[in-house]
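Worksheet for the structure shown next.
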Amino acid sequence: MKIEILGTGCAKCKALFEVTKEAVAQSGKFAQIEKVEDIQKIMGYGVMSTPALVVDGVVKLSGRVPSADEVKRVLLEEKK
């Protein structure tokens with residue numbers, strides 16, 4: 001599973017990265033987590049509001065920092 005955190009380095013983007021790391025650890029899943037700060041790549045996903053959570057190339061959340069539980073639910077949905 002490849003997870004990307006889209007954002008230009010703002011506090012919310014950093015918070016989403018930390019929440020995502022926590023959610024992955026709690027879920028017991030293996031995932032590659034990458035921060036994407038390049039504005040052209042972010043725009044390529046069609047994201048207008050950061051931070052955004054992308055799982056395996058699909059934007060799952062944008063414009064807010066979800067809870068670790070919400071991120072875990074998104075991750076578990078991916079494996080169904």
Side-chain angles (χ1 to χ4, degrees):
M1 178 182 297
K2 181 177 179 182
I3 300 172
E4 296 169 285
I5 307 301
L6 309 183
T8 57
C10 66
K12 286 184 179 181
C13 301
K14 292 174 184 173
L16 178 57
F17 185 79
E18 293 304 317
V19 165
T20 302
K21 284 195 322 187
E22 179 184 336
V24 168
Q26 290 176 3
S27 73
K29 305 253 182 235
F30 173 78
Q32 173 189 348
I33 305 172
E34 176 183 326
K35 289 175 75 175
V36 177
E37 296 183 354
D38 183 287
I39 194 71
Q40 295 300 323
K41 288 182 181 179
I42 293 169
M43 290 173 58
Y45 280 106
V47 171
M48 295 296 149
S49 182
T50 59
L53 176 71
V54 177
V55 180
D56 293 332
V58 178
V59 178
K60 296 294 185 177
L61 300 165
S62 70
R64 63 189 178 86
V65 179
S67 67
D69 286 337
E70 187 175 355
V71 174
K72 278 195 302 189
R73 283 193 297 274
V74 168
L75 300 179
L76 293 174
E77 288 172 3
E78 284 303 302
K79 291 301 173 184
K80 288 185 179 177

Exercise for the section: Taking only Lys NZ, Arg NE, NH1 and NH2, and the carboxylate oxygens of Asp or Glu, determine whether Glu70 and Arg64 approach each other closer than 4.0 Å. Expected result: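 Yes, this pair counts.
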
Does the side chain of [X] reach to within under 4.5 Å of the side chain of [Y], using non-hydrogen atoms?
{"X": "Leu53", "Y": "Ile5", "result": "yes"}
{"X": "Val54", "Y": "Lys2", "result": "no"}
{"X": "Pro66", "Y": "Leu16", "result": "yes"}
{"X": "Lys72", "Y": "Glu22", "result": "no"}

Practice task
Hey, could you give me the OG1/CG distance between Thr8 and Asp38, rounded to the nearest 0.5 Å?
Solution key: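 Interatomic distance, Thr8 OG1 to Asp38 CG, rounded to 0.5 Å: 11.0 Å.
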
Problem - From NZ (Lys35) to CD (Glu4), nearest 0.5 Å - result: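 Output value for this atom pair is 13.5 Å.
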
Any link between [X] and [Y] through a network of hydrophobic side chains (Ile, Leu, Val, Met, Phe, Trp, Tyr) touching at under 4.5 Å?
{"X": "Val24", "Y": "Val65", "result": "yes"}
{"X": "Val19", "Y": "Val55", "result": "yes"}
{"X": "Val74", "Y": "Leu6", "result": "no"}
{"X": "Phe17", "Y": "Met1", "result": "yes"}
{"X": "Val71", "Y": "Ile33", "result": "yes"}

Handout entry: Nearest heavy-atom neighbours spanning Ser62 and Ala52
Key =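 For Ser62 versus Ala52, the nearest heavy atoms are CB-CB, 3.8 Å.
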
Practice task
Write down the atom of Cys13, the atom of Cys10, and the distance for their closest heavy-atom approach.
Solution key: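 Nearest pair, atom of Cys13 first, then Cys10: SG-SG, 2.9 Å.
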
